[in-house]
Colleague: 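Right, I'll just put the structure down here and ask away after.
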2 protein chains.
Amino acid sequence: MPLTLEDIAALSGTSRSTVSRVINGDHAVRETTRERVMTVLQSLNFQPNLAARGLAAGHTRVLGLVIPMGVSTIFTDPFFPMLIQGVSSACNACDYSVMLWLAEPEFERRTISKIFYNGLLDGVIVASMLTDDPIIEALGEGRLPFVLIGRNPSREQTCYVDVDNAQSSRQAVLHLLRLGRRRVATITGPQNMIGGIDRLQGYQTALRERGLPILPELVAEGDFTEMGGYIAMRQLLRARPDAVFAASDMMAIGALRALTEAGLRVPQDVSLVGFDDIPAAAHTAPPLTTVRQPTQRMGALAVETLIDRIENPTPEVCHLVLPAELMVRESCGTSLGLFH
Amino acid sequence: MPLTLEDIAALSGTSRSTVSRVINGDHAVRETTRERVMTVLQSLNFQPNLAARGLAAGHTRVLGLVIPMGVSTIFTDPFFPMLIQGVSSACNACDYSVMLWLAEPEFERRTISKIFYNGLLDGVIVASMLTDDPIIEALGEGRLPFVLIGRNPSREQTCYVDVDNAQSSRQAVLHLLRLGRRRVATITGPQNMIGGIDRLQGYQTALRERGLPILPELVAEGDFTEMGGYIAMRQLLRARPDAVFAASDMMAIGALRALTEAGLRVPQDVSLVGFDDIPAAAHTAPPLTTVRQPTQRMGALAVETLIDRIENPTPEVCHLVLPAELMVRESCGTSLGLFH
DNA sequence: GGAGTTTTTGGGAGCGCTCTCATACTATAG
DNA sequence: CTATAGTATGAGAGCGCTCCCAAAAACTCC
C-alpha cells in the first residue's frame, strides 16, 4: 500500500498537518521537527499522491501539451520532437509535469473539453499550426490558462510564442538577392498553416522591397514533406529559376533531388535555401543554407509563459516572437562563386 | 466554477450517486432517469473531475510513457514520433490518457519515483533502448504495472513488446547473400542499445548460416545517425565490401553519401540495405531497401498489453515480438542485374 | 392485496491531501 | 512572574468523486 501523510506523521511522531508543511516548505515548522520528518520522508522515499493534492489544492502542477495530428510533417521533420523536448525540459525544471495529447483530426468538441476541463491540467500549450483549428475555439471559451505555439491570425488577442517566420524568410530571400539571383522561386508550405503563410509573406516582402515582381510561375505550394518539395520543384523548373527558397528543409531536400535529376547544379545553376535547420541539412550535397529556428527555446518559453500566467493570473495577452538565424552553407553559393 | 456531480444531480432532480451511475454506465438506472440525467449532462458538457475520481476510485486511466532522452536518435529519426503516435491513438481508443516523460539522463532515483508513484498513473510504458537503464531498475522494485518497448536482456522476466530485430536483420542479410553478395559489411547501432545488439546478431547469424566468416573489418559501429553512418562507411570502404547492411535508415543514408563520394555505384558496385523504413527511405537515389518496423503497432500493442495488465492483474510476464517486413527497393539490386 | 422479490435510488463514509482556525507552546517584555 | 506577542502544532472540514449499504419503489405471484 502506498504511504500517506498520516503514516509519515505516525512514524515521525507528529501530525499530518506538520508533515504537509514540511513537504510544501512552509517555514512555520521548528527546525528539529522538520529534520525529524525529513529523515522519515527520505528513508521511505515518500511521494505525495498528486490526485489528492490536486483535489485539495485545486491545482496539479501538470501542463497539457496538445499537438494536432493530421499535420503530415509530424513524423518527417524534427520540429515536433524538438518542441516536445523543449517543453518537457522546461517543465522538469519548474517541477511541473507534461501531459501529451495528440489531437486526432476527428476529435470533436466533446473530446476536446474532456482534455481541457477534467481538472487534471493547470494549463495547456497548443501547438496549433492550422489557421482554423477547432481546438483554439474550444480554448477561447474556457477558463483554462493557455499559450499557443505559433500565432493564430484569427485570434490575435491570445497569448502565443512564435518564431519570426516572415522576417527570417525575408532575410533568407534578401540573401539570395544579394548574391545576384534575380529569378528567385519559392516552395511554400500549406497555406492553411500559419508558418506556410508567413514564410511566403516574407518571400514576397523581400522581392517587393527590391522592386522585383512576384511571378505566380515562381511560386509553388508544397506540404512540408520531401515528396511535396520534389513535386513543387519539378513544376517550378519550367520557369527556370536561378534560386529557390523552400519553406522547410525537407522540401528543400526534395527540391535538391528534383534539381539534381534535372541535371542542374546547386549552387552553380540554382541557389537553394531551406528553413528549419534540421540535422540532415548540414549533410546534404551540397550542405544546405537554411534558417535555424529556436524550436526548443520556443517550447521552453511557452512553458515559462504559461506557468507565469497560471501563478499570476492576468488578462493581458502576450506575444513572444523569437528571431531565427540564417545558417549560410554551400547550397546558396557566394557572389564570388557566381561572378568569377 | 466547474460543475460537480451534485450540481448535475440538483438540476436533474436526482442524487449524486445516480449521476455517477449514469456517467459510469452502471445499468442499475431506470431508463427515464438515465435520459433525464443525460440531457443535463450533455447540455452542460459536464466533465467529471479526474483528480477526484482518481482519488476515490484508486485509478486514473492515465498511462505514463517514458522516453529516455540522451538517445541521439530521438530527433533525427521518426521512430519516437511514430511510437508516441501509436501509444497516443491506442490510449484515445481505450479512453485512457497519456502522460509523457522525457527522462533526462541525469534523473536520479528520486525523480524517477516521483514519476512513478505519484498516484496519477495507472501504469507505465518505458521505451528504454539502453541495456543498463536505471529506470528499469526503479520499475522493478515498484508495484506499478509496466510494459517495456524493446526487450531488456538484463531483465527477461519483464513484460515487453519488441520487433524481431535479430530475425529481420537476418532476413535482410540473407537477401543480400541470395543476390550473390559475398563481402557483406554491416554498420551496427550502438552496442549499449538493444536494437543495436540484436541487429548485429541477426547479421552474424545469417553469415554463419551460410558458412561465411564474420570479418571484423566488415563491421563498423555507428550511432544511428546519418553522420555516424557516413563515418562508419568510410571506414568500411577500406575492406572493399560488395554489400552493406546498415542497422538504421539514417545510417544507410550516411553510408550512401560516403559510397557516392567514393565513386561507387549503388547497387551496381555495392548493395545497400537499411532498417526502419523511414519516409525518406523511399526517396533516396536509389530508393533504399529496408526493413519496415511496425512502430506504431508496437506502441499500440504496448498500450493494450498494459491496460490488460492493469485491469486484470497477473504475475505472468508476457513477451510480444512482432515480425518486420523487408521492403525491397532498388538499393540492393537484383541477382538478374548482377549476373546479366 | 399482501408477502416476497427485484430493481432503483439516496446517503454516508472515505480516498489523501490542503487550508483554516483554534490551541499549545515559546519567547519577550513589563 | 504574569501579560503579550509570536511561533509551532494538531484537529476539522472539505475538495469531487466512488463504493457500499440500506431504504424506497416497482414488480411478482399466489
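Heavy atoms only: backbone and side chains are in, while hydrogens, waters and symmetry mates are out. The chains referred to below are lettered A, B, ... by the order of the sequence lines, with proteins before strands, and numbering in each begins at 1.
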Colleague: Send over the distance from Arg21(B) CZ to dT18(D) C1', rounded to a whole Å.
Modeller: 10 Å
Colleague: When the distance from CD of Glu6(B) to C1' of dG12(C) is rounded to whole Å, what number comes out?
Modeller: 12 Å
Colleague: Quick one: Arg16(A) CZ to dT20(C) P, roughly how many Å, whole number?
Modeller: 14 Å
Colleague: Could you check Leu100(B) against Ile67(B) for side-chain contact (heavy atoms from CB on, under 4.5 Å), going step by step and ending with a plain yes or no?
Modeller: CA-CA 8 Å; Leu100(B) 180 74; Ile67(B) 293 181; 4.2 Å; yes
Colleague: Rounded off to whole Å, could you give me the CG-to-P distance for the Asn118(A) and dG16(D) pair?
Modeller: 14 Å
Colleague: Starting from C1' on dT18(D), measure out to CG on Asp26(B) and report it in whole angstrom.
Modeller: 11 Å
Colleague: Return the value, rounded to whole Å, for the distance between atom CG of Leu50(A) and atom C1' of dC15(D).
Modeller: 15 Å
Colleague: Find out whether Glu304(A) and Ile307(A) are in side-chain contact, i.e. whether some heavy atom of one side chain is under 4.5 Å from a heavy atom of the other.
Modeller: no
Colleague: When you get a sec, tell me which of dG10(D), dG10(C), dA8(D) is the closest nucleotide to the side chain of Ala28(A)?
Modeller: dA8(D)
Colleague: Of the listed nucleotides (dC17(C), dG16(D), dT9(C)), which one gets closest to any side-chain atom of Asn49(A)?
Modeller: dC17(C)
Colleague: Quickly work out the Glu31(A) CD to dT26(C) C1' distance and round it to whole Å.
Modeller: 16 Å
Colleague: Heavy-atom count around Glu156(A) CD within 6.0 Å, excluding the residue itself: above 12?
Modeller: yes
Colleague: Under 4.0 Å: is that the gap between some side-chain N or O of Thr14(A) and OP1 or OP2 of dG10(D)?
Modeller: yes
Colleague: I'd like to know if the side chain of Thr60(A) pairs up with that of Asp122(A) as donor and acceptor (distance under 3.5 Å, no hydrogens or angles considered).
Modeller: yes
Colleague: Can you measure Asn24(B) atom CG to dG16(D) atom C1' for me and round it to whole angstrom units?
Modeller: 13 Å
Colleague: Rounded at 0.5 Å granularity, tell me how far CG in Leu5(A) sits from CZ in Phe46(A).
Modeller: 4.5 Å
Colleague: OP1 or OP2 of dC17(D) versus the side-chain N and O atoms of Ser20(B): is any pair under 4.0 Å?
Modeller: no
Colleague: Angle between the end axes of the helix from dG1(C)-dC30(D) to dG30(C)-dC1(D), five pairs per end, to the nearest 10 degrees?
Modeller: 40°
Colleague: Whether Arg309(B) engages the ring of Phe146(B) as a cation-pi pair (distance to the six-membered ring centre under 6.0 angstrom, angle to the ring normal within 45°) should be assessed.
Modeller: no
Colleague: Think Thr4(B) has a side-chain N or O under 4.0 angstrom from the OP1 or OP2 of dG16(D)?
Modeller: no
Colleague: Please test Tyr160(A) against Val321(A) for side-chain contact (heavy atoms from CB on, under 4.5 Å), starting from the C-alpha separation and ending with a verdict.
Modeller: CA-CA 8 Å; Tyr160(A) 64 75; Val321(A) 179; 4.2 Å; yes
Colleague: Go through dC19(D), dA13(D), dA26(D) for me and flag the one nearest to the Arg30(B) side chain.
Modeller: dA26(D)
Colleague: Can you find an N or O donor on one side and an acceptor on the other, under 3.5 Å apart, linking the side chain of Ser17(B) with the base of dG11(C)?
Modeller: yes
Colleague: Tell me which residues in residues 51-62 of chain B put a heavy atom below 4.0 Å from DNA chain C, sorted by number, or none.
Modeller: Leu55(B), Ala56(B)
Colleague: Thr18(B) side chain N/O closer than 4.0 Å to the phosphate oxygens (OP1, OP2) of dT9(C)?
Modeller: no
Colleague: Enumerate the ring pair (Phe, Tyr, Trp, His ring centres under 6.0 Å) contacts for residues 3-33 of chain A, please, sequence neighbours excluded, ordered by first and then second residue.
Modeller: none
Colleague: Report yes if some heavy atom in the side chain of Met99(A) is under 4.5 Å from a heavy atom in the side chain of Leu121(A); otherwise report no.
Modeller: yes
Colleague: Give me the atom names and distance for the closest heavy-atom approach of Leu41(A) to Val19(A).
Modeller: CD1-CG1, 4.3 Å
Colleague: Which nucleotide wins on minimum distance to the side chain of Thr33(B), given the candidates dT9(D), dC19(C), dT9(C)?
Modeller: dT9(C)
